[in-house]
Amino acid sequence: ATFKLENVEDLYEIGEVLGSGHFGQVREVRERTTGQRWAGKFLKVRRGAGSWLGVERKNVEKEVEVLQSLQHPNIMALRDVFESKAEVVLIVELISGGELFDFIAEKESLSESEGIDFLKQILHGVSYMHSKNIGHFDLKPENIMLSARGEPLPDIKIIDFGMAHHFIQGEEYKSMGGTPQYIAPEVINYEPLGTATDMWSIGVITYILLSGLSPFQGNTDEETLRNIVDMIYEFDDHHFRRTSTMAKDFIQQLLVKDQIKRMTADESLLHPWIKPLTRTQVANRNHSSINMK
Ligand SMILES: Nc1cc2c(nn1)-c1ccccc1CC2
């Protein structure tokens with residue numbers, strides 16, 4: 001795919017840095033004609049075989065292709081792509097609420113109802129992505145951002161589709177990418193991946209949302225990976241003393257070694273911890289408790 005060859009600065013005024021990482025830098029940008037604010041993701045593209053700096057151009061093309069096929073309120077929208085000799089710039093929607101990770105860190109952990117509200121939005125975005133046979137493969141709190149700060153219930157946006165993959169019918173996909181704490185056993189065992197691989201990561205994210213702890217993290221990456229393949233984790237009494245049984249059941253149905261037995265995104269939206277009760281169910285629930293007295 002060729003991207004726009006104009007100089008991005010002719011169309012956008014470049015502003016402050018919003019985030020940076022392995023991928024490059026993200027800066028706020030302002031569209032000169034409309035004054036609209038966006039984010040510009042400035043990716044250094046590798047020049048020639050030898051260089052390690054920057055990203056592979058084919059990975060950028062893949063991220064662009066995936067983003068162009070996704071339109072959902074909980075997924076970062078792509079607006080435009082520019083390229084120069086050594087750089088590709090993705091113009092994406094401005095997401096200014098920071099990482100969910102930082103939001104939890106400030107609160108240490110969330111209440112179950114806050115956790116459920118964030119999780120439902122993540123699951124709606126992931127269910128939509130999976131319905132298009134696209135896996136994210138790098139879901140972690142750093143890649144879940146809040147649309148804006150200070151709102152009582154900010155929208156969440158899933159970002160960074162640099163590891164994402166669109167499954168073609170029947171084709172096997174393997175990858176060793178991802179971040180140790182969040183990757184599923186099949187990634188470590190180099191087995192074929194599927195959309196269920198994302199659901200494992202959501203199990204880990206839920207565990208962290210509710211406790212502030214990371215279920216499999218060891219002192220080294222090797223230890224972490226061993227804990228994952230050996231399924232070594234527990235619900236620490238102190239941090240989970242106020243967590244409901246349903247919440248723990250939700251996590252347990254995602255941290256399942258066999259991908260086929262793992263809850264799908266759609267199934268997780270129907271799990272009793274997530275699915276709201278109808279008014280009659282609430283009434284019956286209260287009614288039955290009166291009977292018990
Ligand atoms: N890997 C990342 C990281 C980030 C972003 N995208 N990809 C981003 C996207 C829109 C607005 C702000 C950001 C900053 C963090």
Side-chain angles (χ1 to χ4, degrees), residues 3 8 11-31 34-46 52-83 87-106 118 121-122 125-126 128-129 134-151 154-166 175 177-183 198 201-202 204-205 208:
F3 307 136
V8 65
L11 290 105
Y12 296 88
E13 191 185 330
I14 314 292
E16 56 163 15
V17 176
L18 292 169
S20 59
H22 63 89
F23 55 90
Q25 218 180 37
V26 177
R27 305 178 75 111
E28 182 169 336
V29 299
R30 210 171 68 84
E31 195 170 5
T34 63
Q36 263 186 319
R37 296 162 62 217
W38 304 87
K41 193 167 169 183
F42 294 78
L43 300 163
K44 295 251 169 300
V45 179
R46 279 191 192 152
W52 282 102
L53 187 76
V55 294
E56 287 289 340
R57 188 186 156 94
K58 65 177 174 32
N59 289 359
V60 179
E61 287 171 1
K62 204 171 167 191
E63 180 172 5
V64 168
E65 193 184 313
V66 162
L67 283 173
Q68 283 171 336
S69 66
L70 298 172
Q71 277 89 30
H72 188 277
N74 295 121
I75 293 175
M76 177 189 80
L78 174 70
R79 157 142 179 146
D80 226 337
V81 189
F82 293 85
E83 71 174 309
E87 194 171 61
V88 172
V89 185
L90 306 187
I91 303 295
V92 297
E93 77 175 283
L94 177 61
I95 304 169
S96 52
E99 295 173 10
L100 176 58
F101 208 62
D102 299 326
F103 187 82
I104 306 169
E106 279 159 23
F118 280 128
Q121 294 187 58
I122 298 168
V126 169
Y128 167 78
M129 192 196 307
I134 289 170
H136 185 281
F137 297 129
D138 196 16
L139 288 177
K140 53 185 178 181
E142 296 89 323
N143 284 340
I144 293 168
M145 291 187 70
L146 305 183
S147 54
R149 271 264 188 242
E151 292 173 8
D155 290 333
I156 68 100
K157 302 275 179 181
I158 300 168
I159 63 166
D160 199 342
F161 285 73
M163 300 276 297
H165 180 74
H166 176 216
S175 156
T179 309
Q181 289 179 63
Y182 307 98
I183 62 174
D198 282 336
S201 306
I202 289 191
V204 176
I205 291 169
I208 294 173

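Each ligand, and each atom within it, is numbered from 1 in the order the structure gives.
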Review point. Stepwise, does the side chain to side chain contact (heavy atoms under 4.5 Å, CB included) test hold for Glu63 with Val66?
Key: CA-CA 5 Å; Glu63 180 172 5; Val66 162; 5.9 Å; no
Identify the protein atoms, limited to N or O, that lie within less than 3.5 Å of an N or O atom of ligand 1, and list each pair with its distance to 0.1 Å.
unit_1   : atom_1 : unit_2 : atom_2 : d
ligand 1 : 1 (N)  : Asp160 : OD2    : 2.8
ligand 1 : 7 (N)  : Lys41  : NZ     : 3.2

Check your understanding: Is Glu16 salt-bridged to Arg27, going by a charged N under 4.0 Å from an acidic O?
Key -> no
Exercise for review: Identify, with sequence neighbours excluded, every residue that meets ring pair (Phe, Tyr, Trp, His ring centres under 6.0 Å) alongside Phe42.
Suggested key: none
Revision key, fill the gap. Across all chains, not counting sequence neighbours, the side-chain hydrogen bond (donor to acceptor under 3.5 Å, both in side chains) partners of Asn59 are none
Check your understanding: Which residues satisfy the salt bridge (Lys or Arg N to Asp or Glu O under 4.0 Å) test with Glu142, sequence neighbours excluded?
Key -> none
Exercise for review: Report yes or no: does Asn74 contribute a side-chain atom to a donor-acceptor pair with the main-chain N or O of Ile122 at less than 3.5 Å?
Suggested key: no
